[in-house]
Engineer: 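Mind having a look at this structure? Questions to follow.
Computation of the quantities below employed the complete heavy-atom set of this structure, encompassing side-chain atoms and omitting hydrogens, waters and symmetry-equivalent molecules. Each ligand, and each atom within it, is numbered from 1 in the order the structure gives. One is the number of the first residue; the rest follow in order along the sequence.
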Amino acid sequence: MAILVLGGAGYIGSHTVYELIDSGADVVIADNLQTGYIQAVHPKARFYKGDIRDKAFLDNLFKQEKFEAVIHFAANSLVGESMVEPLKYYDNNLCGTMVLLKSMVENGIDNIVFSSTAATYGEPESIPILETDKTEPTNTYGETKLSMEKMFKWVSKAHGLRYVSLRYFNACGAHVSGEIGEAHNPESHLIPIILQVPNGQREAVSVFGDDYNTKDGTCVRDYIHVTDLAQAHILAVNYLKKGNESNIFNLGNGVGFTVNEVIETARKVTGHPIPAVIAPRRAGDPAILIASSEKAKKVLGWKPEHDSLEEIIASAWKWHKNHPKGFEK
Ligand code: UFG
């Protein structure tokens, strides 16, 4: 039986497929290639181009292949965009998941692991953030992910389907091979933006605010390597296969770095001075987001292995240096 990876041509999805195939799994990918790249599809995975909002596409897929579990990454994930195009997020993330769940229920597929986010918490009430903390998203993206979690809860009660929701903190880094990595167009995330400077694509990096109540005034985030996130998905599938109950886990390193510290580490890794300029705060940025991942460690047996920021940035640099335009030629 195969594992179906929805959104397996995207950043975290493609890295999870690489780890699944290394572990000997039979993998099927479905992706609409809206933000994913065909070049990121592992050559040993069977690929179907299609959209999760297309029920006939999903029904056919579930008839053609036999699945023991689904891993669901197929969503839009940009906080800023979600504030100007909220309905795009409701449509793809929520309506897409509703169609998917209908098809899964009808086709008797009852295990699913899916991407959630630190953005479900909003402004944290305490640090590190626990799964039981209050969830009050401050953006549409986080709201749709929280609504997805709730949809899973009620569908699970009615139809017996079981799920694991993984709330990622700041996903970053690239595959050890340097063959796949992060690629957004235009680039939206801190580490790829910083690396555009030594790559000759940007003069300087803007630091969004230096007057936060943190050690150097810049925002603190919990940066977690994409391969460690990928491993957590494999553990979550195994957890469900053993018959365990539905659950929600944070995934982060439990250590925070300021924007200035990330830039300084990138200078060390690349040997480039990387000029930085202070810019106004970005709307909606919480000052500090750090995960408690004790639950994932205890219950899933998860252990992040690439937890040094230097290693994380070095892996990203290997990818961006050799693929300055991402997957585009
Ligand atoms: N930043 C800059 N300059 C830039 C880009 C980012 O200073 O050019 C800062 C941001 O203000 C933030 C930090 O760098 O303080 C990290 O920003 P990212 O955009 O890389 O990531 P976010 O923390 O905003 O977003 C991440 C995930 C989202 C998730 C969110 C949860 O990428 O999917 O955490 O809050 F929703």
Engineer: Please write down residue, atom name and distance for the protein heavy atom closest to atom 22 (P) of ligand 1.
Structural biologist: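 Going atom by atom, the protein heavy atom closest to atom 22 (P) of ligand 1 ends up being Asn170 ND2, 3.5 Å.
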
Engineer: Below a 4.0 angstrom heavy-atom separation, can you tell me which part of Phe169, side chain or backbone, both or neither, approaches ligand 1?
Structural biologist: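 No part of Phe169 comes within reach of ligand 1.
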
Engineer: Could you check if a side-chain atom of Cys219 sits within less than 4.5 angstrom of a side-chain atom of Thr258, using non-hydrogen atoms only?
Structural biologist: no

Engineer: Please write down residue, atom name and distance for the protein heavy atom closest to atom 3 (N) of ligand 1.
Structural biologist: Ser206 O, 2.7 Å

Engineer: Considering only protein heavy atoms, which is closest to atom 11 (O) of ligand 1, and at what distance to one decimal place?
Structural biologist: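 Closest protein heavy atom to atom 11 (O) of ligand 1: Asp285 OD2, 2.5 Å.
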
Engineer: Around Lys321, counting heavy atoms of other residues, nucleotides and ligands shown, do more than 12 lie under 6.0 Å from its NZ?
Structural biologist: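 Correct, the count exceeds 12.
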
Engineer: Looking at atom 7 (O) of ligand 1, what's its closest protein heavy atom, distance included?
Structural biologist: Phe208 N, 2.9 Å

Engineer: Work out whether the distance between some heavy atom of Tyr223 and some atom of ligand 1 is less than 4.0 Å.
Structural biologist: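 Yes, Tyr223 has a heavy atom closer than 4.0 Å to ligand 1.
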
Engineer: For Leu289, take its heavy atoms, then give the atoms of ligand 1 lying under 4.0 Å from any of them.
Structural biologist: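 Counting atoms of ligand 1 from 1, those under 4.0 Å from Leu289 are 35 (O).
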
Engineer: Does atom NZ of Lys297 have more than 12 heavy-atom neighbours, drawn from other residues, nucleotides or ligands, at distances under 6.0 Å?
Structural biologist: yes

Engineer: Write out all pairs satisfying side chain to side chain donor-acceptor pair (under 3.5 Å) with one or both partners inside residues 69-79, taking only residues at least two apart or from two chains.
Structural biologist: Gln34-Asn76, His72-Thr97, Asn76-Asn92

Engineer: Side chains of Leu94 and Tyr89, heavy atoms from C-beta outward: is any pair under 4.5 Å?
Structural biologist: no

Engineer: For atom 32 (O) of ligand 1, which protein heavy atom lies nearest, and how many Å away is it?
Structural biologist: His189 NE2, 2.9 Å

Engineer: For atom 24 (O) of ligand 1, tell me which residue out of Arg221, Arg282, His184 has the closest non-hydrogen atom.
Structural biologist: Arg282

Engineer: How about Phe169 and Tyr223: are their ring centres within less than 6.0 Å of each other?
Structural biologist: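 Not under 6.0 Å, so no.
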
Engineer: Could you list which atoms of ligand 1 come closer than 4.0 Å to a heavy atom of Ile193?
Structural biologist: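 Here the atoms of ligand 1 in question are 8 (O).
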
Engineer: Using 0.5 Å steps for rounding, measure from the CD atom of Glu187 to the CD atom of Glu182.
Structural biologist: 5.5 Å

Engineer: Is the NZ or CZ atom of Arg167 positioned over Phe249's six-membered ring, under 6.0 angstrom from the centre and within 45° of the axis?
Structural biologist: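 Judged by the rule, Arg167 and Phe249 form no cation-pi pair.
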
Engineer: In ligand 1, which numbered atoms sit nearer than 4.0 Å to a non-hydrogen atom of Val79?
Structural biologist: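 This gives 36 (F) as the contact atoms.
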
Engineer: Under 4.0 Å from a heavy atom of Val207: give me the atoms of ligand 1 that qualify, with their elements.
Structural biologist: 7 (O)

Engineer: For Ser188, counting its heavy atoms only, list the atoms of ligand 1 lying under 4.0 Å from any of them.
Structural biologist: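 By the 4.0 Å cutoff, the relevant atoms are 19 (O).
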
Engineer: Assess whether atom NZ of Lys134 is packed by more than 12 heavy atoms of other residues, nucleotides or ligands within 6.0 Å.
Structural biologist: yes

Engineer: Among all the protein's non-hydrogen atoms, which is closest to atom 20 (O) of ligand 1, and how far away is it?
Structural biologist: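 The closest one turns out to be Leu190 N, 2.8 Å.
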
Engineer: Any idea which protein heavy atom is nearest atom 15 (O) of ligand 1, and the distance to it?
Structural biologist: Cys219 CB, 3.0 Å

Engineer: Could you identify the single nearest non-hydrogen protein atom to atom 31 (C) of ligand 1 and state the distance to 0.1 Å?
Structural biologist: Ala119 N, 3.5 Å

Engineer: Can you pull out every ring pair (Phe, Tyr, Trp, His ring centres under 6.0 Å) where at least one residue sits in residues 1-28? Sequence neighbours excluded, please.
Structural biologist: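 Passing the test, one end in residues 1-28: Tyr11-His15, Tyr18-His42, Tyr18-His175.
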
